[in-house]
Amino acid sequence: MRKIVFQREQSEAFVITEAPDPVPGPGQMLVRTEAVGVSVGLVRMLRAAAAPEKDPGGEIVGRIIALGPDVEGYVIGDRVGGVVMEGAFSQSVLALPGLVSTVPGEVEPSVALTLVRGGLIALSALHAGRFEPGESVLVTGGASGVGHLAVQLAKARGARRVVAAVGSHGKADFLRDCGADEVVTYAQPSWGERPDLILDGVGGELVQLGVEALAPYGRLVAFSAGGGNVDASSLLGNLKTVIGFSIGLIGRQDPGLIEQRRAELWRMLAAGQLRPAHKAFPMERIADAVELIETRRNLGRVLLHTN
Ligand SMILES: NC(=O)c1ccc[n+]([C@@H]2O[C@H](COP(=O)([O-])OP(=O)(O)OC[C@H]3O[C@@H](n4cnc5c(N)ncnc54)[C@H](OP(=O)(O)O)[C@@H]3O)[C@@H](O)[C@H]2O)c1
């Protein structure tokens with residue numbers, strides 16, 4: 001099988017090599033991948049001061065080609081998707097049943113890949129923010145893999161108004177197609193009507209800007225790896241809340257909930273309520289995929305086809 005090795009020192013940052021299929025141990029499944037995701041998380045890792053992981057994890061969709069001992073509920077040939085902790089950028093990868101779940105056979109690989117993690121995070125962030133129909137929602141990183149689905153989900157779940165916030169106005173048409181009532185840029189002096197809920201997938205200074213933009217009793221869900229600080233005194237007067245969210249804890253403590261939420265995403269997809277957007281590259285074009293995110297030009301999920 002072929003895999004991408006990530007390196008910094010050599011002239012080529014990404015090298016495609018041949019490697020033997022890994023052998024699944026107890027509780028592991030071997031998955032032949034159809035598509036793997038490329039995201040800002042990978043870009044952060046590649047640009048961090050520490051040397052990049054050679055074999056990073058990520059989101060995948062594929063078919064089970066071998067099972068280790070003690071795997072229950074799956075057979076060879078089943079289609080699965082979700083997250084693996086390492087070796088994602090490969091044609092064959094080891095996965096754990098708790099982190100992946102069944103993908104319906106009729107959903108094409110790119111669409112499935114866009115939903116298995118991005119849709120899960122978007123839906124879970126809405127839950128974390130205690131979203132109620134009739135509320136107004138603002139999504140930062142609105143055109144990202146997670147963000148564009150958060151816009152669609154908020155709309156489908158009965159938001160009164162959905163605003164997408166982005167780095168540049170060039171993403172406005174895409175976001176209106178996703179159902180956004182308004183598109184604002186981070187740099188605008190005002191983001192308009194105060195939202196009840198902000199889903200922040202960017203972090204940094206947008207966390208405090210978001211808190212200040214919230215309506216009374218408003219909540220901001222901080223789910224990015226982009227950091228940021230909150231001035232607690234800015235929460236008091238209008239009874240605002242900042243909620244931290246990461247899928248990791250739910251994955252470890254309640255994998256059934258993840259399966260349930262993905263099942264809801266497949267149902268909404270089949271009902272035409274979700275339109276996952278993606279830009280696909282062949283595996284050999286990993287550098288172009290990374291560049292698209294690094295220059296913040298992606299509309300929806302960026303992914304690689306691996307077969
Ligand atoms: N909490 C969790 O469990 C969890 C799980 C997965 C992902 N996440 C977070 O969700 C957010 C969205 O992830 P994603 O995979 O959907 O993103 P993505 O598809 O890779 O989208 C990248 C977009 O995000 C925006 N962005 C914000 N900060 C950036 C940066 N430092 N470098 C490049 N682009 C940046 C850019 O749009 P603009 O220029 O328009 O802002 C860019 O076009 C990320 O912050 C990620 O850390 C959280």
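For this chain, numbers begin at 1 and follow the sequence in order. Worth knowing before you read on, the calculation uses all heavy atoms, side chains too, and leaves out hydrogens, waters and symmetry mates. Remember, it's 1-based here, ligands and their atoms both numbered in the order they're listed.
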* Asked: Does the side chain of Ser168 come under 3.5 Å of the side chain of Arg296 through a donor N or O and an acceptor N or O?
  -> no
* To do: Among all protein heavy atoms, pick the one closest to atom 6 (C) of ligand 1 and tell me residue, atom and distance.
  => Arg117 NH2, 3.3 Å
* Structure fact -> The answer for which part of Glu294 has a heavy atom under 4.0 Å from ligand 1 is neither
* **Location of contacts on Ile121 toward ligand 1, heavy atoms closer than 4.0 Å** => side chain
* Is it true that the side chains of Arg219 and Thr241 contain a donor and an acceptor less than 3.5 Å apart? -> no
* Asked: Of the protein's non-hydrogen atoms, which lies at the shortest distance from atom 36 (C) of ligand 1, and what is that distance?
  -> Arg296 NE, 3.5 Å
* Which residue supplies the protein heavy atom nearest to atom 16 (O) of ligand 1, what is that atom called, and how far is it? -> Val146 N, 2.7 Å
* **Residue and atom name of the nearest protein heavy atom (relative to atom 11 (C) of ligand 1), distance in Å to one decimal** => Gly201 O, 3.3 Å
* To do: Using the six-membered ring wherever Trp is involved, compare the ring planes of Phe223 and Phe245 and label them parallel, tilted or perpendicular (cut-offs 30° and 60°).
  => perpendicular
* Is it true that atom CD of Glu294 has more than 12 heavy atoms of other residues, nucleotides or ligands lying nearer than 6.0 Å? -> yes
* Structure fact -> re atom 19 (O) of ligand 1, the protein heavy-atom contact at minimum distance is Gly145 N, 2.7 Å
* Tell me yes or no: between the side chains of Glu264 and Gln260, is some donor less than 3.5 Å from an acceptor? => no
* **Lys/Arg-Asp/Glu bridge criterion (N-O < 4.0 Å) met for Glu284, Arg2** => yes
* To do: May I ask which of Val290, Val40, Thr114, Val38 has a heavy atom nearer to atom 30 (C) of ligand 1 than the others do?
  => Val40
* Out of Lys171, Arg297, Arg301, whose heavy atom is nearest to atom 38 (P) of ligand 1? -> Lys171
